[in-house]
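Before any comments, here is the structure.
Being a predicted model, the structure only gives us computed values, none of them experimental.
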Amino acid sequence: MDLTVLTPAELSDRLTALRAEHHRLTGRGLRLDLTRGKPAAEQLALSQPLLDLPGLDDHTAQDGTDCRNYGGLHGLPELRATFAGPLQVPAEQLVAFGNSSLELMYECLVDAVLFGVAGAAEPWQRDGRTAMLCTVPGYDRHFAICEKLGIDMIPVPMTETGPDMDEVERLVADERVKGIWCVPKYSNPTAVTFSAETVRRLAAMETAAPDFRIFWDNAYAVHRVAGTDEPLADVLGLSAEHGHPDRVFVFGSTSKITTAGSGVAFFGSSPANVAWLLGHFAKRTIGPDKVNQLRHARFLPDAPAVHAHMARHAAVLRPKFELVDAVLEKRLGDTGVASWTRPQGGYFVSLDVLDGCAARVVELAGEAGIALTPAGATFPYGKDPRDRNIRLAPSYPDPDELRDAAEGLALCVELAAVESLLATTDEPA
């Protein structure tokens, strides 16, 4: 039923029925959560062997390093070799560090603000004098770092091939613009993979400031869920080829590969940028958790092992994405008030509702015990100018809980839409 063509009387009848259905839903006492892309317990169990590794008598890395001791800022060579291919960074230009790539992103931004980036004459300034481009909808934690550090954020729309490059190329001519946030493969939350032409244009831009940096958060490099793998062009190699070898900071981690709270994070870049970051590391730490790195190297000895492991993750995740799509299609497919992505990888479904309705959907869902990511979270400063985008994270709930959450969400989307449409018809001419 296309809600957008109903008469006011028909909308009023539909509103009465939906409100009664929502009242019944709130009476169920649900406690469901679609807010964050956490691996489910079944996914974490896939890495249970890590807890027995490296073993009582196994503490020596390939190069003879005793992993129980200090040192080794660069990270274990064998683990860097495993992830060099998936992250498209030469192993010698890849750093393996703590458990969180978000920590490395924060480190890089703080160091840029305090000291400047490699080869720069001065630090990045704050308080409105430095800006970063932010693809929208995008990742709320990227935005939170900028807000914390006083870096302005300029939204750039995502397209089906990545950020709107005409807009990016126009904006980088402003000397205040020092960087751009990118989740280039199965992006958060739209699951777009940047096209080869988009990557080439990012690498080749001539008008960007010399200390401009691409924050290439390749969080879902190996996270295919369905279909064939979507190739991603080598941004680091292309940037060097176009005369900008220091332009790219590549980030990745095993957080959604092995154990989310105790994985390994990676930073990849040019030799100059690697030396820059390790120089800052050297002032605050004696080295990473090499025992954990050795554990991961034993569990994932090469790139084929990583891909095989991720195929097991996909077998867990695929039915959940299919369930959400089936429920939304059944309930909202012909209503004309919602559209959503059908991701081939990553962790999220991006849902667009009628303009002006996202916050109301989140409110209605909350009343029914269904927690959703706040409306606006996928935009800088938490402000979606159209109030329409909601990020859904289907990974964590079990299938029965996920079905209840998706059914309840769909009800709330329809209810909010009918309220809005009816209010519009009631406005005076």
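- For H280 and F115, the gap between ring centers is short of 6.0 Å.
- The ring pair (Phe, Tyr, Trp, His ring centres under 6.0 Å) analysis of residues 326-348, with sequence neighbours excluded, yields no pairs.
- Few gaps surround CD on E197; more than 12 heavy atoms of other groups in view lie less than 6.0 Å from it.
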task = Determine, stepwise, if the pair F251 / L87 fulfils side chain to side chain contact (heavy atoms under 4.5 Å, CB included).
result = CA-CA 8 Å; F251 303 94; L87 293 174; over 6 Å; no
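- The closest side-chain heavy-atom distance from V156 to V136 is not below 4.5 Å.
- Across A377 and D140, no two heavy atoms sit closer than the pair O-CB, 3.1 Å.
- No option in R19, R331, R360 other than R331 meets the salt bridge (charged side-chain N to carboxylate O under 4.0 Å, His left out) test with E414.
- Within the 4.5 Å cutoff, no side-chain heavy atoms of T335 are placed close to those of D2.
- Between L421 and L3 the shortest heavy-atom distance is CD1-O, 3.6 Å.
- Stacking of K178 on the aromatic ring of F212 is not recorded, the 6.0 Å distance cut-off and the 45° axial limit not both being met.
- Put simply, the side chain of R391 gets close to the backbone of T35: a donor and an acceptor are under 3.5 Å apart.
- Using a 4.5 Å cut-off on side-chain heavy atoms (C-beta onward), L238 and H244 make no contact.
- R284 CZ: more than 12 foreign heavy atoms inside a 6.0 Å radius.
- When all heavy atoms of C108 and L277 are compared, the pair lying nearest together is SG-CD1, 4.1 Å.
- Under a 3.5 Å cut-off, the side chain of R213 and the backbone N or O of D246 do form a donor-acceptor pair.
- No side-chain heavy atom of V168 sits less than 4.5 Å from a side-chain heavy atom of D164.
- Taking F194 as the reference, W216 meet the ring pair (Phe, Tyr, Trp, His ring centres under 6.0 Å) condition, with sequence neighbours excluded.
- Salt bridge absent: D217 and K185 never bring a charged side-chain N and a carboxylate O closer than 4.0 Å.
- At a threshold of 4.5 Å between non-hydrogen side-chain atoms, the residues R170 and M165 do not count as touching.
- Tested against R176 for a side chain to side chain contact (heavy atoms under 4.5 Å, CB included), the candidates T130, D152, L171 yield a single pass: D152.
- Identified under the ring pair (Phe, Tyr, Trp, His ring centres under 6.0 Å) test for residues 305-336, with sequence neighbours left out: F299-H309, H309-H313.
- For CZ of F215, the number of neighbouring non-hydrogen atoms (other residues, nucleotides, ligands) closer than 6.0 Å is greater than 12.
- Open room surrounds CZ on R403; 12 or fewer heavy atoms of other groups in view lie less than 6.0 Å from it.
- A ring pair (Phe, Tyr, Trp, His ring centres under 6.0 Å) with F267 holds for exactly one of F281, Y106, F249, F97; it is F249.
- Heavy atoms only, all atoms of each residue included: T161 and V192 are closest at C-CG1, 4.1 Å.
- Closest heavy-atom contact between L236 and S270: CD1-N, 4.2 Å.
- When the shell of 6.0 Å around CD of E175 is examined, it contains 12 or fewer heavy atoms from other residues, nucleotides or ligands.
- Here the closest heavy-atom approach between residue N389 and residue D384 is recorded as N-OD2, 2.9 Å.
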